[in-house]
Amino acid sequence: MKIRIKLLAHYQQYLPPNCSSSSYEADVPPDARVEDVLAGLPVPVEESVVLVNGRTPQPGQALQEGDVLCLFPAIGGG
Amino acid sequence: MYGWNGRILRVNLTTGETSVEEVDPRTARDFIGGRGWAIRYLYNEMDPRVDPLSPENKLVFSTGPLTATPVPTGNRYMVTTKSPLTGAISCSNSGGFFPTEMKRTGFDLFIFEGRAGRPVYLWVNDDRVELRPADHLWGRTVFETEDMLRAETDPRARVACIGPAGERLAPIAAILNDKHRAAARSGVGAVMGSKNLKAVVVRGTRRIPLARPDELKALADQVVEEVKQAVAAGKATLRTYGTAYVPPVTNEVGILPTYNFRTGVFAGAEAISGRTLNQKYLVRPKACYGCPIACGRVTRVEDPIFGGEGEGPEYETIGSLGSACGVDNLAAITKANYICNELGLDTISAGVTIACAMEMYELGLIPESDIGRPLRFGDAEAVVEMVRLAGLREGFGDLIAQGSYRLASHYGHPEFSMSAKKQEFPAYDPRGAKGMGLLYATSNIGASHMAGDTAYMEVFGVPKKVDPLSWEDKPRLVKYFEDIFTIIDAAGLCVFLSIRYLFEPTYNVEPVRISRLMEYATGAGYDEETLLRAGERVYNLERMFLVRAGFSRADDTLPPRMLHEPMPEGPAKGHVVELDRMLPEYYRLRGWDENGVPTPEKLAELGLL
Ligand code: SF4
């Protein structure tokens, strides 16, 4: 199934080459959990905020077709 | 004394007399410095019911014990006074270079009283204190004023001043220092204007004596090293993008203020982001004194309509002058930011007030003839023009300069003002971050992120992520963050570094490193507990100022939109702020009665009786 992976702030350096927006489409197995997808990303997950459709996912949460998985560094400031 | 100079400069503008006072060590320790000392003096010396723009109001500039020390970001000062915007206390905070220079004159605080008969400025060159005529500066912009003052005092001097907005007593006027840094909120610039005080110019050469300088230096160096390592590892978000990295983040969470906080989702979030700023307008990052982070932005816009150069914008400005007004044109937002700095206006209040006027215009509640032009959401040129008119208080700008509450009330609909205690919201829609809702409602200074920014945990995951949509855990979180921000302010540090590097990453955000730094600087006997207690003491004394000024539970509230209109879309869809459920628990944790008044027991416990 297809989901979107969105990387914000300096995680944009991990976007695929030629990616002009902040997100890209990814193909994941139909039963993929959030953790499974995170394990395959080149991003320091433990220093990150992880969101699914803008909300904090539950541990072990299964992803659905069309979900947006977003990561950004835990920095703060505004 | 160590850390503190222990000296206050009192300036009576009515008589032109100045005097120097010593601070007793107990007061120094118990009230930390900065904002804490300021409220201690104001509370003892003035009636909180006075008219904020009368000579009876006092205006305090304060530095903290860590200002001008080797502690990174020890570069803050605070402006405390009775606010003409809110009628409550102000705590407006700024960095740059002025505060460090001010502390090096050998004074921790300047207290201004009365009102000068003619425009004046204060020139403090170490021990030499002089009130000088400022007729030639009156009417000048912030940038012109600073250039002229450095030329006629000392090219190394630092300047804090007001622009035309402050002179014309705009309740949303700021005090700018180092041209582009602002003690922006609560209309502190108008108080300065009401006193005919155009500027404060400082040149200081003293070193701040430290109780345990070697230990302080070692810990400060360690923190700097940690920041540098993060930078080297490519993790320098704030240096790379400034706080402008935030709009896509808050948009993702669904709390980026859009169309006067009707919604928290903005289609133009990417267009107003740090990435766009870097591609188009960034000249270089800029740091305040002693800061390894450098979140400041030196920018230049080449554009036939919105061209200019200066500093900014930062996130709050983008959210207010941008998305809240439906504007996705970053050149226009940047230009409006430059004008705010030049004329001396708070960008947040200016932006959110324009957004309020836009909504009311679109609903037919403000006639076009009053404004002199259409004022629709998304009209970038209109935002720039309104900011200019507000800074000069000309035409419709006269109403904008008074803030959204007065503007909306003028047309009979205060409910369109997105404010708490009449101060405009910063750029987080609290329906999607409930702690921010409780914070805005209860904050002593009215809506502000600087009063205890729980978005750190609710949105940014620092030091740890909590669910922004839950409300049950927020009273506790808000109290902690308010007390911690009080400590950071009073110590003279910048929040951006402090929260991440000077507190332990536990739920309680224990102030381990900051208490050590405070002890190394002052030797006054600080540990975690005494410091937290001191933060709480200061917060309660500020609250008592409000109580005496006539504030009560009825003022700890939010606009009806936040309480009754569910967020229409996005991740926070369907949510409102459950204020009624959070408020009693918050009061209980604070040791306040059901009216939000500190109980005698609480005051006694804090040594405030
Ligand atoms: S983090 Fe930004 S605001 Fe804070 S001291 Fe550094 S440059 Fe100034």
Side-chain angles (χ1 to χ4, degrees), chain A residues 2-26 28 33-35 37-39 41-78, chain B residues 230 233-255 264-265 269-270 273-275 293 295 314-316 318-319 426-428 432 449 453 455-470 494-497 499-500 570-573:
Chain A
K2 297 213 186 312
I3 62 164
R4 284 203 85 75
I5 295 176
K6 189 183 271 193
L7 302 176
L8 299 177
H10 68 250
Y11 286 179
Q12 303 203 321
Q13 64 189 303
Y14 302 117
L15 287 165
N18 305 326
C19 178
S20 61
S21 80
S22 306
S23 66
Y24 60 96
E25 199 171 68
V28 300
R33 295 171 312 139
V34 174
E35 289 85 344
V37 179
L38 293 178
L41 294 178
V43 175
V45 173
E46 65 290 350
E47 299 168 14
S48 308
V49 174
V50 178
L51 301 171
V52 176
N53 303 328
R55 294 206 185 191
T56 311
Q58 300 299 320
Q61 181 174 324
L63 287 161
Q64 312 286 327
E65 174 91 27
D67 277 353
V68 177
L69 177 64
C70 175
L71 284 93
F72 55 88
I75 300 281
Chain B
K235 298 178 187 170
T237 289
L238 283 173
R239 177 189 297 251
T240 308
Y241 298 109
T243 57
Y245 90 89
V246 174
V249 170
T250 45
N251 193 53
E252 186 68 15
V253 184
I255 60 167
V265 180
E270 193 59 47
S273 71
R275 192 143 82 142
I293 295 178
C295 78
E314 59 147 331
Y315 171 63
E316 296 297 338
I318 294 173
Y428 308 88
H449 57 306
D453 194 351
Y456 265 97
M457 286 174 81
E458 298 186 281
V459 179
F460 301 111
V462 178
K464 172 181 141 201
K465 185 84 167 70
V466 298
D467 183 2
L469 297 173
S470 69
C494 173
V495 163
F496 292 167
L497 177 118
I499 289 287
R500 281 174 64 208
K573 184 174 177 176

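Just so we're on the same page: letters track the sequence lines, and every chain starts at 1.
Heavy atoms of T56(A) lying under 4.5 Å from chain B belong exclusively to its side chain. If you measure heavy-atom distances from V495(B) to chain A, you find no contacts under 4.5 Å at all. Only the backbone of A236(B) comes within contact range of chain A, with at least one heavy atom under 4.5 Å from a heavy atom of that chain. Heavy atoms closer than 4.5 Å to chain A are found nowhere in P426(B), neither backbone nor side chain. Contact of T237(B) with chain A is made through backbone and side chain together, with heavy-atom distances under 4.5 Å. Interface residue L469(B): only side-chain heavy atoms are found under 4.5 Å from chain A.
In this structure, E25(A) places its CD atom where more than 12 heavy-atom neighbours from other residues, nucleotides or ligands lie under 6.0 Å away.
The OG1 atom of T243(B) sits 12.5 Å away from the CD1 atom of I75(A) when rounded to the nearest 0.5 Å. Note: E270(B) CD to L8(A) CG = 7.5 Å, rounded to the nearest 0.5 Å. For the atom pair NZ of K573(B) and CG of N53(A), the computed distance is 13.0 Å after rounding to the nearest 0.5 Å.
Here the closest heavy-atom approach between residue Y241(B) and residue H10(A) is recorded as CE1-N, 3.6 Å. The minimum heavy-atom distance between S20(A) and R275(B), with the atom names listed, is O-NH2, 3.5 Å. When all heavy atoms are compared, the tightest approach of G461(B) to A74(A) is O-CB, 3.6 Å. Across all non-hydrogen atoms, the minimal contact from F460(B) to F72(A) is CA-CE1, 4.3 Å.
Sorted by first and then second residue, the salt bridge (charged side-chain N to carboxylate O under 4.0 Å, His left out) pairs with a member in residues 50-73 of chain A form an empty list; sequence neighbours excluded.
Inter-residue side-chain proximity for K235(B) and P73(A) is flagged as unmet; no heavy-atom pair is nearer than 4.5 Å. Put simply, the side chain of P248(B) does not reach to within 4.5 Å of the side chain of K6(A), judged on heavy atoms.
Proximity to chain B at a heavy-atom threshold of 4.5 Å picks out E47(A), V49(A) from residues 41-50 of chain A, in numerical order.
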